[in-house]
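Note sheet for the following structure.
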Amino acid sequence: MRSGVFLALVGLLALAGCRPAAPAHYVPSEQVSALSPELQKQIEQILRKNCGTPAAPLLLGSDRNDNASFRRHLQHGAAVYAERCLACHGVTGDGNGPAAAFLQPRPRDYRRGIFKFTSTPYGAKPRREDLERTIRRGITGTSMPSFALLPDEDVQAVVDYVLALAMRGELEILLASTAESEDELDPDMVPDLVAGVPEFWNAAGDEVVLPAVAMPPFSEETVAAGKEAFLTKGCSKCHGEDGRGLTEDNVGTDAWGFSTRAADLTSGMLRGGRRPLDIYRRISSGINGTPMPSFHDALADNPETIWKLAHYVLSVSNRRREGILPSEVHATPAQAETVESTAPTETTTSSEEVTPVNEEATPSSEPAPSDVTEPASAAPPAAEPSE
């Protein structure tokens with residue numbers, strides 16, 4: 001796959017030759033393109049006024065747009081994006097860059113404002129730190145590489161530019177949907193539409209998911225209890241009893257309309273991260289845009305079970321790579337060491353709060369996840385589809 005992508009990119013560069021690059025411009029969505037020319041022009045003008053252009057981007061609803069330093073910061077982010085991200089994610093952030101057709105899974109389409117691996121509850125926007133972490137770490141098992149060597153200035157700038165693209169895309173969808181249903185776009189409605197998009201993004205910073213209880217010590221007992229929960233709480237229906245995802249019920253459709261499958265948890269590629277805290281959040285909050293539901297409500301009376309499930313997932317996470325499937329699960333010293341080394345005593349970002357291992361956890365003060373999560377009992381069984 002990677003060699004195919006490389007050849008495709010070489011081909012694209014050969015076709016481009018030494019000609020000067022044409023100025024980048026945002027591409028209207030298919031939904032906008034289906035509207036009348038008058039409505040298309042009206043939407044383009046609204047987007048340009050509130051979100052700028054690739055050469056002069058604006059962060060929707062931000063009062064920092066009036067600050068010359070911040071505008072230069074966003075322009076720098078656009079330049080980093082053009083160099084590092086555009087080939088896959090496209091100028092508009094629609095996931096249709098020149099290389100996208102050669103990639104599986106396809107690059108993320110930012111326009112829906114949905115990001116899979118977040119520290120926030122199901123349905124909430126990602127925190128800024130979530131995007132920064134994905135850029136620095138990459139996503140294992142996908143074409144999203146790690147940009148850990150980028151200077152911090154570049155990372156911070158491109159995070160803000162990705163946020164600008166995501167909010168622009170959401171506003172575009174709102175405008176197009178309104179114009180489509182009303183057969184017009186009342187100018188009096190536009191300010192409310194413009195103001196509504198940033199509210200959810202701004203709220204995400206206060207919605208971080210923290211464990212309800214401290215993580216118990218990793219042991220054969222917690223792994224065995226996790227396996228029991230895995231087999232009885234619905235996880236195995238999609239992931240299979242051995243965690244490999246070889247079941248008939250593990251195929252669904254994601255928010256972008258693509259077929260998706262439950263992850264093979266034994267492959268060594270936990271895309272949301274290998275820290276126990278990462279796995280805790282995937283189980284508790286689910287994965288946005290995919291059939292993987294939140295289990296927060298289903299396990300609200302016994303939150304320690306989420307930690308035990310995380311221990312079980314970690315215990316099997318490398319088993320296919322190690323060639324020891326299927327077999328009984330045991331907590332080996334190496335696995336215990338892995339958990340210790342990735343335990344949430346570390347701080348992944350400067351502002352992220354992490355519950356210390358084996359210390360009494362302080363329950364999160366954020367709004368009850370029940371407000372933003374789907375009831376696990378009514379949702380499909382656990383699946384961790386491909387990115």
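Quantities reported herein were computed from a predicted structural model and do not represent experimental measurements. Only this structure's heavy atoms are used, side chains among them; waters, hydrogens and symmetry mates stay out.
- Considering only residues two or more places apart in sequence or on other chains, His76 meets the ring pair (Phe, Tyr, Trp, His ring centres under 6.0 Å) condition with none of them.
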With a cut-off of 3.5 Å and sequence neighbours excluded, list every side-chain donor-acceptor pair involving residues 181-193.
{"from": "Ser181", "atom 1": "OG", "to": "Ser177", "atom 2": "O", "distance (Å)": "3.1"}
{"from": "Ser181", "atom 1": "OG", "to": "Thr178", "atom 2": "O", "distance (Å)": "3.1"}
{"from": "Asp186", "atom 1": "OD1", "to": "Asp188", "atom 2": "N", "distance (Å)": "2.9"}

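- Partners of Asn65 under the side chain to side chain donor-acceptor pair (under 3.5 Å) rule, at least two apart in sequence or in another chain, do not exist in this structure.
- When all heavy atoms of Ser143 and Pro145 are compared, the pair lying nearest together is O-CD, 3.0 Å.
- Residues that satisfy the side-chain contact (heavy atoms from CB on, under 4.5 Å) test with Lys308, not counting sequence neighbours, are Thr222, Ala225, Glu304.
- Judged by a 6.0 Å distance limit and a 45° cone about the ring axis, Arg108 is positioned over the six-membered ring of Trp256.
- Ring-plane geometry between Tyr81 and His89 is classed as tilted, the angle between the planes lying from 30 to 60 degrees on a 0 to 90 degree scale.
- Two different hydrophobic clusters hold Val27 and Leu60 under the rule that ILVMFWY side chains link at heavy-atom gaps under 4.5 Å.
- Phe200 forms part of no hydrophobic cluster, judged by ILVMFWY side-chain heavy-atom separations under 4.5 Å.
- Applying the ring pair (Phe, Tyr, Trp, His ring centres under 6.0 Å) test to Phe147 and every residue at least two apart in sequence or in another chain returns nothing.
- Between Lys116 and the options Ile287, Asn288, Ile139, a side chain to side chain contact (heavy atoms under 4.5 Å, CB included) holds for only Ile287.
- Hydrophobic clustering (ILVMFWY, side-chain heavy atoms < 4.5 Å, transitive): Ile173 and Leu47 are in distinct clusters.
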Next item on the list: Give the C-alpha distance, both sets of side-chain angles, the deciding distance and a yes or no for salt bridge (charged side-chain N to carboxylate O under 4.0 Å, His left out) between Glu241 and Lys227.
Entry: CA-CA 9 Å; Glu241 294 187 357; Lys227 181 179 181 180; over 6 Å; no
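- Applying the side-chain hydrogen bond (donor to acceptor under 3.5 Å, both in side chains) test to pairs two or more places apart or on separate chains, those with a residue in residues 45-61 are Glu44-Arg48.
- In this view, Arg136 and Glu132, Asp152 satisfy the salt bridge (Lys or Arg N to Asp or Glu O under 4.0 Å) rule, not counting sequence neighbours.
- Residues satisfying the side chain to side chain donor-acceptor pair (under 3.5 Å) criterion with Tyr161, sequence neighbours excluded, are Tyr26.
- Leu86 and Pro98 make their closest contact through O-CD, 3.8 Å (heavy atoms, listed as atom of the first residue, atom of the second, distance).
- Every residue was checked against the salt bridge (Lys or Arg N to Asp or Glu O under 4.0 Å) condition with Asp66, not counting sequence neighbours, and none meets it.
- Residues Asp130 and Ser119 bring a donor and an acceptor atom of their side chains to less than 3.5 Å of each other.
- By the side chain to side chain donor-acceptor pair (under 3.5 Å) test, Asp94 pairs with no residue at all, sequence neighbours left out.
- Under a hydrophobic clustering in which Ile, Leu, Val, Met, Phe, Trp and Tyr are joined whenever their side-chain heavy atoms come within less than 4.5 Å, directly or via other members, Val159 and Phe115 fall into the same cluster.
- For the residue pair Thr140/Arg271, the side-chain donor-acceptor check at 3.5 Å is not satisfied.
- Hydrophobic cluster membership is shared by Phe70 and Val162, with clusters built from Ile, Leu, Val, Met, Phe, Trp and Tyr side chains linked at under 4.5 angstrom.
- Under the ring pair (Phe, Tyr, Trp, His ring centres under 6.0 Å) criterion, no residue pair touches residues 175-197, with sequence neighbours excluded.
- Scanning both residues, Ala255 and Ile114, for their nearest heavy atoms gives CB-CD1, 3.9 Å.
- Under a hydrophobic clustering in which Ile, Leu, Val, Met, Phe, Trp and Tyr are joined whenever their side-chain heavy atoms come within less than 4.5 Å, directly or via other members, Trp201 and Leu58 fall into different clusters.
- Counted by atom type alone, Gln31 and Arg111 present zero donor-acceptor pairs between their side chains at under 3.5 Å.
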